[in-house]
Amino acid sequence: MNKPASSAELLCKARTLAGLTLAELAELLDYQLPPNLLKDKGTIGQLLERYLGASAGSKAEPDFPELGIELKTLPIDALGQPLESTYVCVAPMQLGGIQRWQDSWVCQKLSHVLWIPILASRHIPLPERIIGRAFLWQPSAAQQALLRQDWEELMELLMTGRLAEIRGAHGEVLQLRPKGANSKAVTTAVGSEGQPVLALPRGFYLKTAFTRQILQEQGYC
DNA sequence: ATTTGATCATGT
DNA sequence: ACATGATCAAAT
């Protein structure tokens with residue numbers, strides 16, 4: 001699909017999908033929907049990327065580079081509550097990575113997001129799940145401060161060899177969790193003595209309480 | 001191996 | 001019931 005020329009155009013186009021089922025969207029794109037998400041977890045996001053004209057592929061840049069906008073689907077239940085945490089990006093695990101919050105992937109990716117809620121309770125068959133009303137979001141100063149605080153805390157632990165201490169419960173709004181093919185995937189990280197060690201790759205995720213707050217601001221739930 | 005798209009599914 | 005830790009596929 002064509003690239004949107006402005007954020008307004010992008011939002012407008014995304015909103016035309018509100019109320020459609022995933023089967024209907026798949027038909028618009030002449031795409032064969034998988035029976036479920038067991039082996040195709042990212043398929044909904046990819047479908048919307050295609051429809052809205054996002055850059056394809058897995059490049060480490062915003063979905064709409066010219067607009068600086070990141071597209072995120074958000075599974076919600078019938079009450080408008082988020083069903084899952086939201087993946088943001090992988091975490092730099094080696095020394096010499098990004099130091100400043102302003103330059104971090106988390107900050108950049110979350111600076112401007114097109115959220116597309118999907119009514120996606122697990123009992124609803126994939127084709128029958130319904131696309132919600134998309135909205136653009138930029139973090140408020142308070143939200144930004146929360147994100148920054150968590151990010152700085154987690155990065156401090158990562159860079160000082162205390163990765164082993166980190167669990168998903170760390171952080172108010174942002175958490176660090178495994179992000180890899182499986183529990184045997186490895187990447188280089190900082191060991192307890194500052195030495196390079198192999199460790200499970202991690203990613204940053206937004207906790208559901210945070211995305212719930214974003215939805216509430218928009219009049220969902 | 002890494003980053004993208006995320007959700008699954010078990011343990012608490 | 002829910003979050004944490006585990007996992008799946010494609011593109012690069």
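Side chains are part of it too, since the values below use all heavy atoms of this structure and drop only hydrogens, waters and symmetry mates. Letters A, B, ... mirror the listed sequences (proteins, then strands); counts begin at 1.
Hydrophobic cluster membership is shared by A/Met93 and A/Ile166, with clusters built from Ile, Leu, Val, Met, Phe, Trp and Tyr side chains linked at under 4.5 angstrom.
Across all strands, A/Thr187 comes closer than 4.0 Å only to sugar-phosphate atoms, never to a base (heavy-atom distances). Residue contacts shown for A/Ala181 include a base, since a base heavy atom lies under 4.0 Å away. At the heavy-atom level, A/Gly203 lies nowhere under 4.0 Å from the strands shown. Here A/Leu38 lies in heavy-atom contact (under 4.0 Å) with sugar-phosphate atoms only. No contact: A/Pro201 has no heavy atom under 4.0 Å from any strand. No engagement by A/Glu61 is indicated, since no non-hydrogen atom pair under 4.0 Å with the nucleic acid exists. Residue contacts shown for A/Arg177 include a base, since a base heavy atom lies under 4.0 Å away. As judged by a 4.0 angstrom heavy-atom cut-off over every strand, A/Ser85 is placed among the base-contacting residues. Within 4.0 Å of A/Gly45, counting heavy atoms only, lie sugar-phosphate atoms of the nucleic acid but no base atom.
Taking 4.0 angstrom as the limit, A/Gln46 places none of its side-chain polar atoms (N or O) nearer than this to OP1 or OP2 of C/dA10.
Atom CD in A/Glu49 sits about 12 Å away from atom P in C/dA11, given to the nearest Å. Summarising the geometry, the separation between NZ on A/Lys59 and C1' on C/dT12 is reported as 10 Å, rounded to the nearest angstrom. Atom CG in A/Leu83 sits about 10 Å away from atom P in C/dC2, given to the nearest Å. Rounded to an integer number of Å, the gap from CG of A/Leu174 to C1' of C/dT4 is 15 Å. Counting to the nearest Å, the P atom of C/dT4 and the NZ atom of A/Lys179 are 17 Å from each other. Here C/dA3 presents its P atom at 12 Å from CZ of A/Arg122, a figure rounded to the nearest Å. The CZ-P distance, from A/Arg212 to C/dA3, rounds to 7 Å in whole Å. When rounded to the nearest whole Å, the span between OH of A/Tyr87 and P of C/dA6 equals 17 Å.
Nearest-nucleotide positions on DNA chain B place A/Ala91 closer to the 5' end than the other of A/Ala91 and A/Lys41. Comparing A/Lys184 and A/Glu84 by the nucleotide of DNA chain C whose heavy atom lies nearest to each, the residue mapping closer to the 5' end is A/Glu84. Map A/Val186 and A/Asp63 each onto its nearest nucleotide of DNA chain B; the residue landing nearer the 5' end is A/Val186. In this structure, A/Ser183 and A/Ala169 both approach DNA chain C, and ranking their closest nucleotides by distance from the 5' end singles out A/Ala169.
First and last contacts of DNA chain B with chain A, using any nucleotide atom under 4.0 Å from a protein heavy atom and ordered 5' to 3', fall at B/dT2 to B/dA9.
Among all heavy-atom pairs drawn from A/Ala5 and A/Leu67, the shortest one is O-CD2, 3.8 Å. Between A/Tyr51 and A/Lys13, the shortest heavy-atom distance links the atoms O-NZ, 3.3 Å.
In this structure, the side chain to side chain donor-acceptor pair (under 3.5 Å) partners of A/Thr43, at least two apart in sequence or on a different chain, are A/Tyr31.
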Run the side-chain contact (heavy atoms from CB on, under 4.5 Å) test on A/Val113 and A/Ile214 for me, step by step, so that the C-alpha distance in whole Å, both residues' side-chain angles and the decisive distance to 0.1 Å come before the verdict.
CA-CA 11 Å; A/Val113 178; A/Ile214 294 171; over 6 Å; no
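Residues A/Arg148 and A/Gln102 are in side-chain contact: their nearest non-hydrogen atoms beyond the backbone lie under 4.5 Å apart.
Counting heavy-atom neighbours within 6.0 Å of A/Glu24 CD, excluding the residue itself, gives a total above 12.
In this structure, A/Lys3 fails the cation-pi test against A/Phe64, since its NZ or CZ atom is not both closer than 6.0 Å to the six-membered ring centre and inside 45 degrees of the ring normal.
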